[in-house]
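Written below as structure tokens is the structure these notes are about.
When reading the values below, keep in mind they use all heavy atoms of this one structure, side chains included, and skip hydrogens, waters and symmetry mates.
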Protein chains: 2
Amino acid sequence: MVHDAPMPQRPLKPILPPSPSGCPMDSLLRLIMGQWTCYILWVLCSQGPQRFGTLKRNIPGLSAKVLTERLRLLEDARILYREHVPSIPPQVTYGLTDRGKELLTAMDELFKIAKRWQDEDAEESVADYDRYNG
Amino acid sequence: MVHDAPMPQRPLKPILPPSPSGCPMDSLLRLIMGQWTCYILWVLCSQGPQRFGTLKRNIPGLSAKVLTERLRLLEDARILYREHVPSIPPQVTYGLTDRGKELLTAMDELFKIAKRWQDEDAEESVADYDRYNG
DNA sequence: AAAACCAGTTACTTTGAAGTGCCTACTTTT
DNA sequence: AAAAGTAGGCACTTCAAAGTAACTGGTTTT
């Protein structure tokens, strides 16, 4: 077993539960597809592990309810770890596991593509504008 | 202009419309996130360009309504092209553009990861079972 | 004394996406 | 004569996901 995260303090659900279609890609997409999910991963990747409240403040508009849901799902999938110190007040830190880092690496390729397309489309819009306005 | 697809026969909407957050990744994810979308792309990638009816038959459970929606979105994003021959009966063929092929290449990395994780998790389940049953 | 912080949970409401069924207009097949 | 195929369009319903608000309990701050 690879120790890239502290031992979980709650029983984790089955990992990447198989989708109706049985396709592993489908399972993964169902997971990262959820609203806010990619943003959460992005913040944890670029700003490092952080506590619940910090994470919530870093993502304006995200409610505690949805944040909790997402964190649970990602923890179940072993993409995030959860480190809970039962002090008063309690202290809970979330961070990317090795899997999480690997996932972000693969998603970075998608990000590069998305950015390049956006730039290309912006140029095309300018060309359209110039063509229209002589 | 790169000619990897026939001229569109209907006005296309703005390409990858900017998301509320303005993040290009968010725009791309909103697009490929929709149910069935990845499956449609996968079928067009592995089986080549095909007509509406064929595509629908190749994806059991997918309704014409949703298929049409997806195809329109993907066409707007220049990921698919649409070739319409106004014969009787009409003949409409869909296929991946260069962008579509590029996207599928990047998504293949995600697919490999998803598959490997699923295999790893299956092994872990077996290990759990053996540990429990001695 | 009251408010804020911590990490959530619970109940209720809203809304947007997906599903379902029926329609087109013309041709070919049975 | 009737059914099926072609590529969808349109209206209606349903349901799960997201949003909203209130609450926890002990501690620190104002």
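If you measure from atom CG of A/L80 to atom C1' of C/dA7, you get 16 Å, rounded to the nearest angstrom. Atom pair B/Q91:CD and D/dA7:P shows a separation of 8 Å (rounding to whole Å applied). One atom, CG of A/L67, and another, P of C/dT10, lie 16 Å apart when rounded to the nearest Å. The distance from atom CG of A/L71 to atom P of C/dG8 is 8 Å, rounded to the nearest whole Å. If you take CZ of A/R30 and C1' of C/dA17, they are 14 Å apart, rounded to a whole angstrom. Between the P atom of D/dC10 and the CZ atom of B/R72 lies a distance of 11 Å, rounded to the nearest Å. Distance B/I88 CD1 to C/dT28 P: 9 Å, rounded to the nearest Å. Taking atom CG of residue B/N58 and atom P of nucleotide D/dA7, one finds them 13 Å apart after rounding to whole Å.
Checked by atom type and distance alone, the side chain of B/S46 pairs as donor or acceptor with a backbone atom of B/W42 at under 3.5 Å. At least one donor-acceptor pair under 3.5 Å links the side chain of A/R70 to the backbone N or O of A/Q35. The backbone N or O of A/R51 sits nowhere less than 3.5 Å from a side-chain atom of A/T93 that would complete a donor-acceptor pair.
Nearest to the side chain of B/V92, among C/dG8, D/dG8, D/dG5, sits D/dG8.
Relative ring orientation between A/F52 and A/Y94 is described as tilted, the plane-to-plane angle lying within the 30° to 60° band.
The CZ atom of B/R78 lies 15.0 Å from the CG atom of B/L103; values are rounded to the nearest 0.5 Å. Note that the NZ atom of B/K56 and the OG1 atom of B/T54 stand 11.5 Å from one another [nearest 0.5 Å]. Atom CG of B/L110 sits about 10.5 Å away from atom OG1 of A/T105, to the nearest 0.5 Å. The CG atom of A/L41 sits 8.0 Å away from the CG atom of A/L31 when rounded to the nearest 0.5 Å. From A/I79, atom CD1 reaches atom CG of A/L96 across 9.0 Å, with rounding to the nearest 0.5 Å.
A/R57 has no side-chain polar atom (N or O) that falls below the 4.0 Å cut-off from OP1 or OP2 of C/dC5.
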>> Base contacts versus sugar-phosphate-only contacts with protein, heavy atoms under 4.0 Å: please encode nucleotides 14-23 of chain D as B, S and - from 5' to 3'.
In response: ----BBB---
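Contact check of residues 42-55 of chain B against DNA chain C (heavy atom, cut-off under 4.0 Å) returns no residues at all.
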